[in-house]
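Notes follow the structure.
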Protein chains: 2
Amino acid sequence: MATITLKDLASKLNLSTATVSRALRDSYDIGAETKKRVKELAKELNFSPNPNASNLRSQSTKTIAIVIPEIANNFFALAINGIEEIAREKGYHVLIYLSHELHTKEVSILQHLLNGRVDGVLMSMASETENIDHINELIKNKIPLVFFDRVREDIDAAKIVTDDRFGGFSATKHLLERGCKKIAYLSLSSRLKNSIDRFNGYKDALIESALEFDSDNFIDCGNDNKHNFSLIYKLLTRKNNKVDGIFSASENLVLLTYQICKELNIKVPQQLKVITFSNSPTSSFLSPSLSTITQPAYDIGKEAASLLFKSIEKKKVDYSDVVKVLKSNLLIRNSSS
Amino acid sequence: MATITLKDLASKLNLSTATVSRALRDSYDIGAETKKRVKELAKELNFSPNPNASNLRSQSTKTIAIVIPEIANNFFALAINGIEEIAREKGYHVLIYLSHELHTKEVSILQHLLNGRVDGVLMSMASETENIDHINELIKNKIPLVFFDRVREDIDAAKIVTDDRFGGFSATKHLLERGCKKIAYLSLSSRLKNSIDRFNGYKDALIESALEFDSDNFIDCGNDNKHNFSLIYKLLTRKNNKVDGIFSASENLVLLTYQICKELNIKVPQQLKVITFSNSPTSSFLSPSLSTITQPAYDIGKEAASLLFKSIEKKKVDYSDVVKVLKSNLLIRNSSS
DNA sequence: CTGTTAGCGCATTCAC
DNA sequence: GTGAATGCGCTAACAG
C-alpha cells in the first residue's frame with residue numbers, strides 16, 4: 001500500500017488534516033484556492049481516504065450485503081446485476097454471501113452481518129429455512145432489510161416479488177391450451193411463498209378449466225436433488241393417472257425431468273409438455289421443446305436495491321410490510337414459437 | 001444497531017476493555033475463569049467486534065474483491081461459487097464488482113480498491129480493456145492480485161486459466177470428426193489470451209487434418225452484440241465458401257447464431273454443426289443439436305481464491321507470473337449423446 | 001494474569 | 001478561513 005494519509009497531504013501542503021479533510025469534502029468554509037490546491041495534490045498522489053477509518057468515524061459503511069441461496073442460477077445472477085447497478089450509482093459496495101439453500105449457513109451469514117459491517121441487507125431465503133429467528137434478530141438490530149423473490153409472509157420486512165400466482169396461472173393455462181389434461185406441479189419448496197403462490201395459480205387455472213386438482217400431481221420437491229429425482233421418476237413411471245404436462249417451479253427440476261424423460265424414452269413435447277420458470281436465455285433459445293416463463297429478475301434486483309437505499313437513507317427503517325409486486329413483466333415463451 | 005461495544009462488556013464485567021478483547025481472542029495470558037465469563041456475556045449480548053474499528057487497528061480487512069465482466073454467465077457464477085466457498089473457509093468476506101466488459105468501469109472499480117478496502121483482488125478482464133495502467137497501478141500498490149480465465153500475457157500477476165489451446169483443439173477436432181470441412185471460429189475478443197489460445201488450438205486441429213485455415217472463417221466478435229449479429233449473419237449468408245461448422249468461443253455468440261439460423265431456416269445440426277464453450281447446464285441438457293465444451297469454472301474459482309489467500313497470508317506478494325493451468329477437466333458433451 | 005496507555009486514519013466539534 | 005483537540009471501537013505495547 002502506498003498508505004498515503006490525510007496527514008501526509010496536510011504536511012505537504014502546510015495545512016492541518018482538518019482543513020484537508022474539509023477541502024476534499026467540499027466544505028463550505030474553505031477557501032476556493034485552498035480547495036483547489038488540496039484536490040490537485042490529492043489527485044496527483046491518488047489519495048483516497050481509508051474506508052475503515054472513515055466508516056468508523058461516520059458509523060456508516062457504504063456497503064450492503066446480498067444473501068442468496070445460490071448464484072449459478074440466472075435469476076439470481078440477473079438480480080445481482082440490477083442490484084450492483086443501483087449500488088454503483090449510489091456509491092455503495094456490495095458484499096455477496098451464498099447460503100446454498102442451507103439454514104445453518106444462512107444463520108451464520110446473518111450473524112456476521114449484525115455488527116455493523118453493512119448498512120443494509122438484500123435477501124432471498126434458503127428453501128430449507130424454517131425457523132426465522134436469525135432474520136428477526138437482524139430486524140431487531142434495526143438493520144435495513146429488503147427481501148426479494150424468496151420470501152415468507154410472516155416476516156416483517158419489505159418485500160419485492162413477482163406475481164407468482166399469476167405466473168402459475170399463466171403457465172398452467174399455457175399447458176391447458178395446448179391440450180394437456182393431467183398436469184403435475186413440481187414445487188420448489190412447500191415453505192416459500194412464491195412456490196405456494198405458483199401452486200395456487202396452478203390450481204386456479206385447473207378449476208377455471210373445470211378440471212380437478214389431484215393431490216398426487218403435487219410433487220413436493222426440495223433441496224435434495226437425489227430425492228427430487230426419485231420423486232419425478234416415480235411421477236413419470238406410474239401406471240395409473242399418467243400426466244401429460246408438467247409445470248415446474250424451477251429450472252433445476254426441469255433438468256432432472258428431461259434427464260428422466262431421456263432415460264424412459266418419453267418424447268417431449270409429443271407425449272409430455274413441459275413449462276418451467278426459468279431465467280436462462282439459453283434454455284428458451286436452444287430448446288425447442290420447452291416452454292418457459294420468465295421473471296423480470298434484473299428489474300427485481302433494481303427495485304429491491306432502490307427500496308433498500310431509500311430505507312437506508314431515510315434512516316427511518318420502514319418495515320411496514322411493503323410488498324411490491326412486479327406483475328407486468330412475466331414473459332412466456334412458447335415452445336413452438 | 002444494538003451498538004454494544006467492548007467497553008460495555010468491560011464495564012458490565014468490571015474488567016478493562018483490553019482484557020475483554022484478549023479473552024475473546026483466546027489470548028494465552030487470560031484466566032480460564034475470566035475467559036469463560038467474558039465469552040458467556042458476549043454470547044448472551046450477541047456481541048461481535050465492530051469490523052471497521054478492528055480493521056483499522058489491524059490494517060487488514062478480511063475481505064477480497066471479485067472483479068468480473070458479467071455475472072449472468074454461468075462460468076462466472078460458478079467461479080464465484082468456488083471463490084465464496086474458499087473465502088468462507090478462511091473467514092473472508094467477498095465484494096463483487098461488475099465491469100460489464102467496459103474499460104472505463106473496470107478502471108473506476110480498481111481505483112476504488114486502491115485505498116485499503118480489500119486485502120486482495122480476484123479479477124477477470126473486460127473484453128474491451130486494452131490499456132492496463134489501472135491494473136499495474138494495483139500491482140504497484142502491492143495489492144495481492146490473481147487473474148482467472150480472462151487474462152493477458154503481459155500482466156505481471158498470478159493467473160489461473162484453463163488450457164484453452166487444448167480446448168480449441170478438442171472442440172474443432174470434434175467438428176472435424178463429425179464430417180465438417182469448413183469451420184468458422186467465433187472469437188470472443190482478439191485481445192484476450194484465452195480467445196487467442198482457442199483460436200490457435202482451432203488452427204492446429206485444421207492443420208492436423210490437412211485443412212487450410214481460411215482467414216474469412218475467423219469472425220472477430222466483440223462486446224457489441226448488434227455488430228456480432230451482423231458479422232455472423234454475413235457469415236451464414238455468404239454465397240461462396242459456405243461453412244458447415246461453427247466453433248464458438250462463447251455461449252452468447254451461439255445464441256445469436258441459433259437466432260440467425262432460425263431466421264434463415266438453416267437446420268442445426270444437419271446443415272450446420274455447432275460447438276461452443278459453455279458453462280450453462282441447461283444448454284447441454286436441453287439442446288440436442290448443440291455440442292458444448294465446458295470449463296471447470298468452480299475449480300478455477302477455488303484455485304484462484306486459494307492462490308490469492310496464499311499470497312495474502314504470506315504477506316509476500318508473489319507476482320512471479322504464476323500461471324496455473326487447469327487442463328484435465330475440460331469436458332466435451334456431444335450433441336448426439 | 002490484568003490494567004494503563006497509545007494510536008490506527010479520519011471527521012467533527014470548538015476555538016481563534 | 002483555518003487549526004487544535006477529541007473520539008469512533010478496537011488492539012497491542014508496556015507495565016505491574
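Numbered from 1 within each chain, the chains take letters A, B, ... in sequence-line order.
Salt bridge annotation for B:K140-B:E137: present, with a cationic side-chain nitrogen under 4.0 angstrom from a carboxylate oxygen. A salt bridge between A:K39 and A:D26 is present, with a side-chain N of the basic residue lying under 4.0 Å from a carboxylate O of the acidic one.
Contact annotation for A:L56: base contact, defined as any heavy-atom pair under 4.0 Å involving a base atom. When heavy atoms are screened at a 4.0 angstrom cut-off, A:Y28 is found touching no nucleic acid atom at all. A:S54 comes within contact range of the sugar-phosphate backbone alone, with a heavy-atom separation under 4.0 Å but no base atom that close.
Two end axes, each from the C1' atoms of five base pairs, can be drawn for the helix from C:dC1-D:dG16 to C:dC16-D:dG1; they diverge by 40°, to 10 degrees.
Rounded to whole Å, atom C1' of D:dG7 lies 13 Å from atom CG of B:N50. We find that CG of A:L13 is positioned 18 Å from P of D:dG1, with the value rounded to whole Å. Atom CG in A:L6 sits about 19 Å away from atom P in D:dC8, given to the nearest Å. D:dA12 atom P lies 12 Å from atom CD of B:Q59, rounded to whole Å. Rounded to an integer number of Å, the gap from B:K7 NZ to D:dC8 C1' is 10 Å.
Under the side-chain contact (heavy atoms from CB on, under 4.5 Å) rule, B:I64 has a single partner from B:V121, B:L113, B:I312, which is B:I312. No option in A:N194, A:I135, A:I132 other than A:I132 meets the side-chain contact (heavy atoms from CB on, under 4.5 Å) test with A:R152.
The salt bridge (charged side-chain N to carboxylate O under 4.0 Å, His left out) search around B:E101 returns B:R150, not counting sequence neighbours. Listed by chain and number, the residues in a side chain to side chain donor-acceptor pair (under 3.5 Å) with B:E89 amount to none (sequence neighbours excluded). Among residues two or more places apart in sequence or in another chain, the side chain to side chain donor-acceptor pair (under 3.5 Å) test is passed with A:S11 by none. Applying the side chain to side chain donor-acceptor pair (under 3.5 Å) criterion to B:T104, with sequence neighbours excluded, gives no partner residue. For A:K7, the side chain to side chain donor-acceptor pair (under 3.5 Å) test picks out no residue, with sequence neighbours left out. Remark: A:H134 engages A:H103 in a ring pair (Phe, Tyr, Trp, His ring centres under 6.0 Å) (not counting sequence neighbours). Residues passing the side-chain contact (heavy atoms from CB on, under 4.5 Å) test with A:T34, sequence neighbours excluded: A:L15, A:T19, A:I30, A:V38. Remark: B:N55 pairs with A:N52, B:P51, B:T61 by the side-chain contact (heavy atoms from CB on, under 4.5 Å) rule, at least two apart or across chains.
For the segment residues 34-43 of chain A, the set of residues with a heavy atom within less than 4.0 Å of an atom of DNA chain C is empty.
In this structure, NE2 in B:H93 is found 10.5 Å from CD1 in A:I109, a value given to the nearest 0.5 Å.
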Below 3.5 Å between N/O atoms, which protein atoms pair up with nucleotides 3-6 of chain D? Just atom names and distances, please.
from, atom 1, to, atom 2, distance (Å)
D:dG3, OP2, A:S16, N, 3.0
D:dG3, OP2, A:S16, OG, 3.2
D:dG3, OP2, A:T19, OG1, 2.4
D:dG3, N7, A:R22, NH2, 2.9
D:dG3, O6, A:R22, NH1, 2.9
D:dG3, O6, A:R22, NH2, 3.2

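On the nucleic acid side, DNA chain C contacts chain B at distances under 4.0 Å to non-hydrogen atoms, with the end points of that region at C:dC1 to C:dG9.
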